[in-house]
**Student:** 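Supplied in structure tokens, the structure appears directly below.
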Amino acid sequence: MSPEETKSRIPSFIREAVAEDLRTGRFTYVRTRLPPEPNGYLHIGHVKAFLIDYFTAQEFGGELYLRFDDTNPSKEETEFVDAIKEDAAWLGIKWVKETYASDYFDRLYEWAVRLIKMGLAYVDDQSQEEMSAARGTLPKGTKWSETEPNIRPGVDSPWRNRSVEENLDLLERMKNGEFPEGSRVLRAKIDMNHPNLLMRDPVMYRIMHIPHHRTGDKWHIYPTYDWSHGQNDSMEGITHSLCSNEYIIHRPLYEWFLEKLGEFPSRQIEFTRLNLTYAMMSKRKLRKLVESGVVRGWDDPRLTTLRGLRRRGVTPEAIINFITGLGETKNDSWVEMAQFEAAIRDDLNKRALRRMAVLHPLKLVIDNFPEGVTEEMEAVNNPEDPSAGTRKVPFSKVLYIEQDDFRETPPPKYYRLYPGNEVRLRYAYIVKCTHVVKDETGNVIEVHCTYDPATRGGDAPDGRKVKSTIHWVSAQHAIPAEVRLYDQLFTVEKPDDAELEEIINPNSLEVIENAFVEPALGEAKLGESLQFERTGYFCLDPDSRPGKPVFNRTVTLKDSWAKIEKKSK
RNA sequence: UGGGGCAUGGUGCAAUGGCAGCACACCGGCCUUUGGAGCCGUGGAUCUUGGUUCGAAUCCAGGUGCCCCAGCCA
């Protein structure tokens, strides 16, 4: 081992715990599991858990299982199973086995029978309301601190001491669908006065007359999370069951079941879940956004779903670098979206092909350039990566430049084009603005320049400095394109906590129908990272059609001019 | 005020009894054929009170604050 430890991609406290378990012989191998519930699409919040599971297995030479937590058929659909697999694979996560909680329904039932025979589980006929009241807590809606005492002892269910035979018979009949939903449940017999509410005889099975996406109508009872998850971990020989902090309180129950059953003692370790400002993580609200048409679908680039990020042009590497770069404590935390954007820029800067695109075109005429002549200018594809090579960009007498790059009366510190000023046209010539042409309402519709033929390529042989370089496209060679600019979807940092209607940013999408892009962008491919020079990072959108490409802006470039401009106001 | 978890710049982390450091953000400068990138620099933090110690972000005790739990959701 070198003195400089290899950089780990998992939180140190997890790494240390796992290493400790291996050292002490608690486990002789490492196996983790990814436990998504197939009831929605993956978003950035899930990725942290996915990566921790994946890298923990990887760093210890272990393996990762993908196990769908499909214990609630009223919410889950096969559609989501496929989507989750596709998204996880896109991220680069590899699993050795794909399993389902429902694979273990039979065995889990046997384990429940065992618990009944041990006198540790019973069928309860109380209604949901009765059970809730008997749990010994205050009525729903009461805040913890408003009243005293805020917790009362629980009351044993009148059905708590049924005979083993009766419990067995009732569970069997529950399973076969003989009783209506809500009429009975199977509960673990633990302690109705336990200070941890979860230990007050938790529900193991509930009756649901709903067909399951994998087991069909075989079952009329389905296990709860607490009864299923840990047992599945054990059955699969999962060594480390990594989950978010909200499950800390479940750990005693997790351990209770496995200890009583004497089964393989998987170990649960918790970490802080990812909170990202301006990102919506609530599945319910995400669904509402999609269904109400606020966004165009689950893959809308304004969403932080994996599909949205992918369509937006964010790469898996950027996401992984971002997440693993956060570090880890057990603190609740809110990560700023700016930090994610910085990771995206950092990644895209290294890989994006540079191109020129004019979003808001203004005609520029070079009066002393010959009519009907096209020159080919050599342009670098990526200054960060010489191996990306160069390309030819056609140049001619009439160009389009960005409206922002010309001012008839320049503000302070404005270095771009204005009458009498010189700028460099990137990879082409230095030009000097001579005059403008206006329409009848006074808008500048043409900027006229003269060019310096000695500056071909952009270098000034006389060593003269030009303060600014602007991008351009040749009018006769340009390809018309649609460009979609995105901004935050929400006006508040924590959209999950707010009412949807009140926080939608009405300007989160700006569609530019008539942009002009350089010919090379006609060959842009889906999934390719692009930078429109001086404007931002972009990618081709699947809505593109031959002759009319559509581009999404992933993130802007950092814009120092915008800052200067803002400050002077 | 039942149980559990957590407190370090604006944000996210590091420092495992020995000079509080890094990244993002912010501010300033250098450089530049992207006002990008890169480089350099400034400012800003140990929740509080006491204790142990030569020495405490770290150990101990009290206090304060925030988060989670009262689904037959996961």
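Numbered from 1 within each chain, the chains take letters A, B, ... in sequence-line order.
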**Student:** How does RNA chain B look in dot-bracket form if you count Watson-Crick and G-U pairs under 3.5 Å, write [ ] for pairs that cross, and put | where a base pairs with another strand?
**Tutor:** .((((((..((((....[..))))..((((.......)))).....(((((..]....))))))))))).....
**Student:** Evaluate the criterion salt bridge (charged side-chain N to carboxylate O under 4.0 Å, His left out) for residue pair A/E518 and A/R391; output intermediate values, then yes/no.
**Tutor:** CA-CA 11 Å; A/E518 68 163 274; A/R391 69 189 186 284; 2.8 Å; yes
**Student:** In whole Å, I'd like the distance from the CG atom of A/N196 to the C1' atom of B/G3.
**Tutor:**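 Answer to the nearest Å: 6 Å.
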**Student:** How would you label the contact of A/L425 with the nucleic acid (heavy atoms, under 4.0 Å): base, sugar-phosphate, or nothing?
**Tutor:**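 The residue A/L425 makes no contact with any strand.
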**Student:** For the residue pair A/T272 and A/N245, confirm or rule out a side-chain donor-acceptor distance under 3.5 Å.
**Tutor:**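 There is such a pair (donor and acceptor under 3.5 Å, judged by atom type) between the side chains of A/T272 and A/N245.
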**Student:** The side chain of A/E384 lies closest to which of these nucleotides: B/A37, B/C72, B/G3?
**Tutor:**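 The listed nucleotide nearest to A/E384's side chain is B/A37.
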**Student:** When all nucleic acid strands are considered with a 4.0 Å heavy-atom cut-off, which category describes A/H194: base, sugar-phosphate, or nothing?
**Tutor:**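 Here A/H194 touches no strand at all.
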**Student:** Select base, sugar-phosphate, or nothing to describe what A/P36 touches, counting heavy atoms under 4.0 Å on all strands.
**Tutor:**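 Counting heavy atoms under 4.0 Å across all strands, no contact is made by A/P36.
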**Student:** Determine: side-chain N/O of A/R345 to OP1/OP2 of B/G36, distance under 4.0 Å, yes or no.
**Tutor:**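 For A/R345, the contact criterion (side-chain N or O under 4.0 Å from OP1 or OP2 of B/G36) is not met.
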**Student:** With a 6.0 Å cut-off (strictly less than), is the heavy-atom count around CZ of A/R464, excluding the residue itself, greater than 12?
**Tutor:**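 Buried by this count: over 12 neighbours within 6.0 Å.
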**Student:** Nearest to the A/V185 side chain among B/C72, B/A37, B/A74, which nucleotide is it?
**Tutor:**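 Closest of the options to the side chain of A/V185: B/C72.
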**Student:** With sequence neighbours left out, what residues match A/H220 under side chain to side chain donor-acceptor pair (under 3.5 Å)?
**Tutor:**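 So A/H220 forms no side chain to side chain donor-acceptor pair (under 3.5 Å) with any residue.
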**Student:** Is there a side-chain contact between A/L186 and A/V203 (heavy atoms, below 4.5 Å)?
**Tutor:**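 A/L186 does not reach A/V203 side chain to side chain.
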**Student:** Rounded to whole Å, how long is the line connecting atom CG of A/N382 with atom P of B/G36?
**Tutor:**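 The distance from CG of A/N382 to P of B/G36 comes to 17 Å, rounded to the nearest Å.
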**Student:** Which listed nucleotide (B/G2, B/G71, B/A74) is nearest to the side chain of A/S132?
**Tutor:**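 Closest nucleotide to the A/S132 side chain: B/G71.
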**Student:** With sequence neighbours left out, which residue pairs that include part of residues 185-196 of chain A fulfil the salt bridge (charged side-chain N to carboxylate O under 4.0 Å, His left out) condition?
**Tutor:**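 Checked against salt bridge (charged side-chain N to carboxylate O under 4.0 Å, His left out) - neighbours excluded - the pairs reaching residues 185-196 of chain A are A/D124-A/R187.
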**Student:** What's A/Q126 touching, base or sugar-phosphate or nothing? Going by heavy atoms closer than 4.0 Å.
**Tutor:**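 Base contact.
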**Student:** List the steps and the verdict of salt bridge (charged side-chain N to carboxylate O under 4.0 Å, His left out) for A/D103 and A/R214.
**Tutor:** CA-CA 9 Å; A/D103 293 344; A/R214 303 197 89 225; 3.0 Å; yes
**Student:** Can you build the contact string for nucleotides 4-17 of chain B? Use B for base contact, S for sugar-phosphate-only contact, and - for no protein heavy atom under 4.0 Å.
**Tutor:** SSSSS-BSSSS-B-
**Student:** Given atom CZ of A/R284 and atom C1' of B/A74, what is their separation to the nearest angstrom?
**Tutor:**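 Rounded to whole Å, this separation is 15 Å.
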**Student:** So A/H212 and A/Y222, would you call those rings parallel, tilted or perpendicular, with 30° and 60° as cut-offs?
**Tutor:**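 The arrangement is parallel - the two ring planes meet at less than 30°.
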**Student:** Establish, for the pair A/R355 and A/F532, whether the NZ or CZ atom is under 6.0 angstrom from the six-membered ring centre and no further than 45 degrees off its axis.
**Tutor:**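 No - A/R355 does not lie over the ring of A/F532 by the 6.0 Å and 45° rule.
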**Student:** Using whole Å, what does the distance between atom C1' of nucleotide B/G71 and atom NZ of A/K75 come to?
**Tutor:**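 The answer, rounded to whole Å, is 9 Å.
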**Student:** B/G36 phosphate, OP1 or OP2: any side-chain N/O from A/S560 under 4.0 angstrom?
**Tutor:**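 For A/S560, the contact criterion (side-chain N or O under 4.0 Å from OP1 or OP2 of B/G36) is met.
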**Student:** In whole Å, what is the span from the CG atom of A/L557 to the C1' atom of B/U32?
**Tutor:**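 Distance check: A/L557 CG to B/U32 C1' gives 14 Å.
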**Student:** Identify whether the glycosidic angle of B/G21 places it syn (within 90° of 0) or anti.
**Tutor:**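 The base of B/G21 is oriented anti (glycosidic angle more than 90° from 0).
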**Student:** How long is the line joining CZ of A/R200 and C1' of B/C72, in whole Å?
**Tutor:**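 Atom CZ in A/R200 sits about 18 Å away from atom C1' in B/C72.
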**Student:** Base, sugar-phosphate, or nothing: which does A/D459 touch, judged by heavy atoms less than 4.0 Å apart?
**Tutor:**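 The answer is base, as A/D459 lies within the cut-off (heavy atoms under 4.0 Å) of a base atom.
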**Student:** Under 4.0 angstrom, heavy atoms only, what part of the nucleic acid is A/F340 near: base, sugar-phosphate, or nothing?
**Tutor:**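 No contact.
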**Student:** So does A/R135 get a side-chain nitrogen or oxygen closer than 4.0 Å to the phosphate oxygens (OP1/OP2) of B/G3?
**Tutor:**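 Indeed not, no polar side-chain atom of A/R135 lies that close.
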**Student:** Counting primed atoms plus P, OP1 and OP2 as sugar-phosphate and everything else as base, spell out the protein contacts along nucleotides 26-31 of chain B at 4.0 Å heavy-atom distance: B, S or - for each nucleotide, 5' to 3'.
**Tutor:** SSS---
**Student:** Any Lys/Arg nitrogen of A/R173 or A/E178 sitting under 4.0 Å from an Asp/Glu carboxylate oxygen of the other?
**Tutor:**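 Looking at A/E178 together with A/R173, the answer is yes, because their closest N to O distance falls below 4.0 Å.
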**Student:** Side-chain N or O of A/R424 less than 4.0 angstrom from OP1 or OP2 on B/U32?
**Tutor:**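 The answer is no; no side-chain N or O of A/R424 sits under 4.0 Å from OP1 or OP2.
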**Student:** Could you state the CZ-C1' distance from A/F532 to B/G35, rounded to the nearest angstrom?
**Tutor:**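 Nearest whole value for this atom pair: 19 Å.
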**Student:** Please tell me whether A/T277 and A/E336 have a donor and an acceptor in their side chains that are separated by less than 3.5 angstrom.
**Tutor:**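 No, A/E336 and A/T277 have no side-chain donor paired with an acceptor closer than 3.5 Å.
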**Student:** Is NZ or CZ of A/K175 both nearer than 6.0 Å to the six-membered ring centre of A/Y109 and within 45° of the ring axis?
**Tutor:**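 Relative to the ring axis of A/Y109, which defines the angle, A/K175 lies inside both limits.
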**Student:** Just how far, in rounded Å, is C1' of B/C72 from CG of A/D226?
**Tutor:**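 Whole-Å distance recorded here is 12 Å.
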**Student:** Of the nucleotides B/G36, B/G35, B/A74, which one has an atom closest to the side chain of A/N349?
**Tutor:**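 When the side chain of A/N349 is considered, B/G36 is the closest of B/G36, B/G35, B/A74.
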**Student:** Counting side-chain heavy atoms from C-beta on, which of B/A25, B/U34, B/C73 comes nearest to A/A338?
**Tutor:**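 Of the candidates, B/A25 comes closest.
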**Student:** Mind checking whether A/H250 and A/Y254 have ring centres under 6.0 Å apart?
**Tutor:**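 No - the distance between ring centres of A/H250 and A/Y254 does not fall below the 6.0 Å cut-off.
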**Student:** A/Q128: what forms a side chain to side chain donor-acceptor pair (under 3.5 Å) with it, not counting sequence neighbours?
**Tutor:**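 Checked A/Q128 against side chain to side chain donor-acceptor pair (under 3.5 Å); zero matches.
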**Student:** If you look at every strand shown and take non-hydrogen atoms under 4.0 Å, does A/R354 touch a base, only sugar-phosphate, or nothing?
**Tutor:**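 Base contact.
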